[in-house]
Amino acid sequence: MAYITIDDLIARFGSAELIDVADRDDDGAADPDVVAAAISDAEDVINGYLAAVATVPLTTVPEVVKRLASQIARWFLHKDDPSEAIRQGYKDAIALLDEIRAGDFRLDLGEPGEAPTAGSRVKGSAAPQVFNASRLSGFVP
C-alpha cells in the first residue's frame with residue numbers, strides 16, 4: 001500500500017511545482033514514473049525508520065506519515081537543487097522519524113495494544129531463593 005499518491009503531492013505543493021521538477025519529456029505534465037520513484041524512495045526511508053517500532057509497510061497510514069512521505073518525496077524530486085524550505089522540510093521529517101524510532105513520538109496505527117483487563121494477572125518467574133531463614137540460621141546472631 002502506497003503511503004501517498006501523486007494527487008496527495010499536488011494537493012500539498014501544487015501541480016506547477018510537480019510539473020517543474022518531474023516533467024522530463026516537456027509535455028506539460030508531471031511524469032508519473034518520476035513521481036512514483038520519488039514516492040517509493042520516500043516510503044523506503046520511512047520504512048527503514050519505522051521497522052524498529054512497527055510492521056512495515058504500514059497497513060493503516062496515519063496522517064503524520066502521509067505528511068512525512070510528502071516532505072521526503074518532495075526532497076527527492078528536488079534533490080539536485082532544493083530550496084532551503086524543502087531542505088528544512090526533509091530535515092524536520094527525518095527528525096520526527098528519529099523521534100518515532102526512539103519511542104518519543106507514538107504513531108496511532110489503529111491497532112490497539114493488548115491492555116490488561118480486569119482480573120488479569122501478571123505472571124513472572126524467578127530463580128529459586130538461595131538465602132532464606134533456614135540456610136542463614138547459623139549466621140544470624
Side-chain angles (χ1 to χ4, degrees), residues 1-140:
M1 169 184 204
Y3 296 162
I4 57 171
T5 65
I6 189 171
D7 291 334
D8 294 322
L9 291 174
I10 290 170
R12 287 190 188 278
F13 308 120
S15 61
E17 180 177 327
L18 283 183
I19 291 168
D20 187 47
V21 295
D23 181 12
R24 305 283 166 82
D25 57 7
D26 292 323
D27 66 352
D31 295 346
D33 292 344
V34 173
V35 177
I39 290 171
S40 177
D41 290 345
E43 290 171 356
D44 288 345
V45 170
I46 291 169
N47 287 341
Y49 280 88
L50 297 186
V53 296
T55 301
V56 293
L58 301 176
T59 54
T60 301
V61 185
E63 285 300 315
V64 68
V65 172
K66 291 179 182 182
R67 286 191 302 273
L68 294 172
S70 296
Q71 289 295 338
I72 296 169
R74 185 184 197 197
W75 183 83
F76 275 113
L77 287 166
H78 287 268
K79 71 179 179 178
D80 292 332
D81 189 26
S83 68
E84 185 54 37
I86 292 169
R87 186 178 291 112
Q88 189 60 50
Y90 174 79
K91 287 179 182 179
D92 291 346
I94 297 300
L96 185 53
L97 286 169
D98 272 331
E99 288 182 33
I100 293 168
R101 181 176 56 191
D104 296 331
F105 186 96
R106 295 194 58 180
L107 293 176
D108 178 11
L109 299 176
E111 301 167 359
E114 293 185 25
T117 57
S120 64
R121 298 174 187 232
V122 175
K123 295 181 181 180
S125 63
Q129 187 174 5
V130 176
F131 299 103
N132 57 32
S134 65
R135 288 191 174 166
L136 292 174
S137 64
F139 299 101
V140 179

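Nothing fancy with the numbering, it's 1 onward along the sequence.
To the nearest 0.5 angstrom, Phe13 atom CZ is 9.5 Å from Leu77 atom CG. Here CG of Leu107 is found 11.0 Å from OG1 of Thr60. Values are rounded to the nearest 0.5 Å. The line from OG of Ser70 to CD of Glu63 is 9.0 Å long, rounded to the nearest 0.5 Å.
Nearest heavy atom pair, residue Leu58 against residue Thr55, reads CD2-O, 3.7 Å. Taking every heavy atom of both residues into account, Ser15 and Ile10 meet most closely at N-CG2, 3.9 Å. In plain terms, the two heavy atoms of Val35 and Ala30 that are nearest each other are CG2-CB, 4.1 Å. Closest approach of Pro62 and Asp108 over heavy atoms only: CG-O, 3.3 Å.
Checked by atom type and distance alone, the side chain of Asp23 pairs as donor or acceptor with a backbone atom of Asp27 at under 3.5 Å. No donor-acceptor distance shorter than 3.5 angstrom exists from the side chain of Asp31 to the backbone of Val34, with no hydrogens or angles considered.
Side-chain contact between Glu17 and His78 is present, with at least one heavy-atom pair separated by less than 4.5 Å.
With sequence neighbours left out, the ring-ring contact (aromatic ring centres under 6.0 Å, His included) criterion links Tyr90 to Trp75.
Each of Leu9, Thr5, Ile4 was scored for a side chain to side chain contact (heavy atoms under 4.5 Å, CB included) with Asp7, with one residue passing: Thr5.
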Next on the checklist: Working note: Arg12 + Arg67, criterion side chain to side chain contact (heavy atoms under 4.5 Å, CB included); need CA distance, chi angles, decisive distance, verdict.
Outcome noted: CA-CA 9 Å; Arg12 287 190 188 278; Arg67 286 191 302 273; 3.0 Å; yes

Sequence neighbours left out, cut at 3.5 Å: what donor-acceptor pairs do the side chains of residues 92-104 make with other protein atoms?
unit_1	atom_1	unit_2	atom_2	d
Asp92	OD1	Gln88	NE2	2.8
Asp98	OD1	Arg101	NH2	2.6

Can you give each donor-acceptor pair under 3.5 Å made by side-chain atoms of residues 39-54, sequence neighbours left out, with the distance rounded to 0.1 Å?
unit_1	atom_1	unit_2	atom_2	d
Glu43	OE2	Tyr3	N	2.6
Asn47	OD1	Tyr3	OH	2.5
Asn47	ND2	Glu43	O	3.3

